[in-house]
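What follows is one structure encoded as structure tokens, with my remarks underneath.
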Amino acid sequence: MITGLSDAVWADILGYVRTHYSAFARGWFSQLRAGSLKQGQLDVFAANGAQLTYLREHCTRPFVEAAQAATGRLVSVEFLNGEESGLEVPTAALQKTRELASFEGETALLRLNGDYVFDNFVPGPCNRLAHASCLAVSDSPGTAYNPLFIHGNVGLGKTHLLQAICHRVLDRAPATRIMYLSCETFVNHFIEAVERGILNRFRYRYRHVDMLVIDDVQFLSGRDRTQEEFFHTFNTLYHVNKQIILSADCTPPEIPSLEERLVSRFNWGLIARVDAPCMETRHAIIRKKMKLRQMDLPEDVILLIASRIDSNTRELEGALNRIHGMAALEHRPIDLALAHEALGGQEESPLREVRIQDITDLVTNRFGVKLSDLTGRRRSRSIALPRQVCMYLARQLTHHSLEEIGGFFGGRDHTTVLHANKLISNRKETDTGFRSRLEEIEVALTKGDR
Ligand code: ADP
Ligand code: MG
């Protein structure tokens, strides 16, 4: 039986995927077209080969589940290329898997994540030099900085930057022969080439590229034969001004048992570090990721994620997924309470038990002020500090939104609460006497000893 799929059902399917599988959903899903539903199989047409690859790799289960939920029937899903099928589909630029110029007739696929482009990367004080040097190298490969060495802890955007260079170079000069791979793959290729006796082919492959991009070169550590091979690959490319870009989780001399001659070569060009992002950058990264997934989050939830997760950018995405997942599962709107729960430690977290009244009771007591002072509009210094402490505690320990907290403490707006929060956090960092006083209140509040 052949059934045409109505627009409404198709919209349901997409909606289901966006809601239940937000981590996999992409903005360009709106470009997908549903074909017919034949004998329990739904054809879904991608706008290009890159979308198709992505869909086949990540989206079968989400779409099958969505199709079954939307039609109430057992349905399987097949992804097809709309271009090849001659179907009218808008061309998409977002997701690109690149075809690499052939090596000895074989066509290798350059596997790049379509999301890892410069447009989706947020520059900030933590990655300024790395970002600028990656841009410079993509604009003039082989001349700006060679080699370019990006290092930093895990989850801080090294792979994203390396792939962004590849995308940009290929956008400008599609015929560029780029070899992008993880160092682990390089090592495995090398071992395989040795075992199969095809070292010449291996060498040809790696030494006839315009740009060699190797991620996580700390993987060379202790692998003497691969280091030797890599040394020659490096020299060959370097001497003909081919761009080499490397990343690692530490600086070249810090890579354990890396030959001295490689350390010195890695130092020839530019070494740039990526650090953990500051609050503003984290905030901007969350916004970018939301945009990419067409998600919408209230401002206080964004701030909560940005303030809770501060050392690893990848975990910001994990947090977005958890929050979205919980909202979908429990059919709840995304608000601060839900975000607190999703971000963990419900059982051990004292957050849900603290009420604003508990805070004001303690603060009036410890600071010797009256409740009406805290909730009034007076601005005198003696009141300002305890009021800011209240706002800080309410922000940290309750689920109330910034607006609610501001409103409660004298009809102030959310920026006042943010300001108070920052002020008290800073003072806590720098003034140990103040910190112990505050911590004593926090403990009293959360451990119930009020
Ligand atoms: P690394 O290779 O350093 O371990 P990745 O490049 O894999 O880190 O980055 C982890 C995740 O964080 C990716 O989803 C990446 O897009 C994201 N990310 C890291 N830094 C940024 C940034 N400055 N702007 C946008 N996304 C970022
Ligand atoms: Mg990486």
Side-chain angles (χ1 to χ4, degrees), residues 124-126 153 275-283 299-312 315-316 319 336-337 339-341 343-376 378-406 408-410 412-450:
C126 52
N153 282 340
D275 283 308
C278 61
M279 181 72 182
E280 282 80 5
T281 311
R282 297 202 295 277
H283 193 268
E299 185 61 26
D300 52 3
V301 170
I302 300 176
L303 281 170
L304 176 76
I305 304 174
S307 57
R308 278 278 197 94
I309 294 166
D310 55 7
S311 59
N312 181 330
E315 285 174 11
L316 287 177
L336 202 56
H340 269 296
E341 277 178 51
L343 295 188
Q346 295 96 305
E347 290 341 313
E348 62 275 22
S349 161
L351 301 183
R352 290 188 298 169
E353 299 154 23
V354 178
R355 296 168 306 159
I356 290 250
Q357 291 90 310
D358 301 328
I359 294 173
T360 50
D361 283 352
L362 262 173
V363 172
T364 47
N365 178 306
R366 305 291 152 95
F367 284 82
V369 290
K370 295 201 290 281
L371 178 62
S372 55
D373 289 328
L374 293 176
T375 56
R378 263 179 61 205
R379 287 177 186 275
S380 74
R381 254 184 84 82
S382 59
I383 302 299
L385 180 68
R387 190 187 284 132
Q388 283 162 348
V389 167
C390 285
M391 290 181 178
Y392 168 86
L393 292 169
R395 177 95 185 109
Q396 301 294 325
L397 304 176
T398 75
H399 292 151
H400 292 292
S401 69
L402 294 169
E403 285 74 17
E404 286 172 326
I405 298 172
F408 184 83
F409 292 104
R412 287 163 170 83
D413 66 13
H414 72 283
T415 55
T416 313
V417 183
L418 283 177
H419 176 67
N421 198 49
K422 198 161 161 196
L423 214 78
I424 299 296
S425 304
N426 287 345
R427 182 150 173 199
K428 210 175 156 188
E429 292 284 304
T430 51
D431 178 343
T432 46
F434 180 74
R435 178 164 66 221
S436 48
R437 202 170 161 203
L438 194 62
E439 280 173 356
E440 186 263 322
I441 300 180
E442 284 175 316
V443 170
L445 278 169
T446 54
K447 300 279 184 283
D449 175 21
R450 293 168 196 146

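What's counted below: heavy atoms across the whole structure, side chains too, no hydrogens, waters or symmetry copies.
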Okay, side chain of [X], backbone of [Y]: is any donor-acceptor separation there less than 3.5 Å?
{"X": "Arg435", "Y": "Lys428", "value": "yes"}
{"X": "Asn426", "Y": "Leu423", "value": "no"}
{"X": "Arg412", "Y": "Gly410", "value": "yes"}
{"X": "Arg387", "Y": "Asp373", "value": "yes"}

Could you pull out the closest heavy-atom pair between [X] and [Y], with the gap in Å?
{"X": "Thr398", "Y": "Arg355", "result": "CG2-C, 4.5 Å"}
{"X": "Val301", "Y": "Ala339", "result": "CG1-CB, 3.8 Å"}
{"X": "Ile309", "Y": "Ala319", "result": "CD1-CB, 3.3 Å"}
{"X": "Leu362", "Y": "Ile441", "result": "CD1-O, 3.9 Å"}
{"X": "Arg395", "Y": "Leu336", "result": "NH1-CD2, 4.2 Å"}
{"X": "Cys126", "Y": "Thr281", "result": "SG-CG2, 4.1 Å"}

Out of curiosity, [X] [atom1] to [Y] [atom2], how far, rounded to the nearest 0.5 Å?
{"X": "Leu393", "Y": "Ile405", "atom1": "CG", "atom2": "CD1", "result": "10.0 Å"}
{"X": "Leu343", "Y": "Glu315", "atom1": "CG", "atom2": "CD", "result": "11.0 Å"}
{"X": "Phe408", "Y": "Ile359", "atom1": "CZ", "atom2": "CD1", "result": "9.0 Å"}
{"X": "Ile305", "Y": "Asp300", "atom1": "CD1", "atom2": "CG", "result": "10.0 Å"}
{"X": "Arg366", "Y": "Leu438", "atom1": "CZ", "atom2": "CG", "result": "11.5 Å"}
{"X": "Leu303", "Y": "Ser401", "atom1": "CG", "atom2": "OG", "result": "11.5 Å"}

### Query
Do the side chains of Ile356 and Phe409 get nearer than 4.5 Å, heavy atoms only?
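In short, these two side chains touch, coming nearer than 4.5 Å.
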### Query
Taking side chain as C-beta onward, heavy atoms only, is Arg427 less than 4.5 Å from Ile424?
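No, too far: nothing below the 4.5 Å cut-off.
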### Message
Restricting to side chain to side chain donor-acceptor pair (under 3.5 Å), what partner residues turn up for Glu299, sequence neighbours left out?
### Response
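Per chain and number, Glu299 pairs via side chain to side chain donor-acceptor pair (under 3.5 Å) with His283, Arg287.
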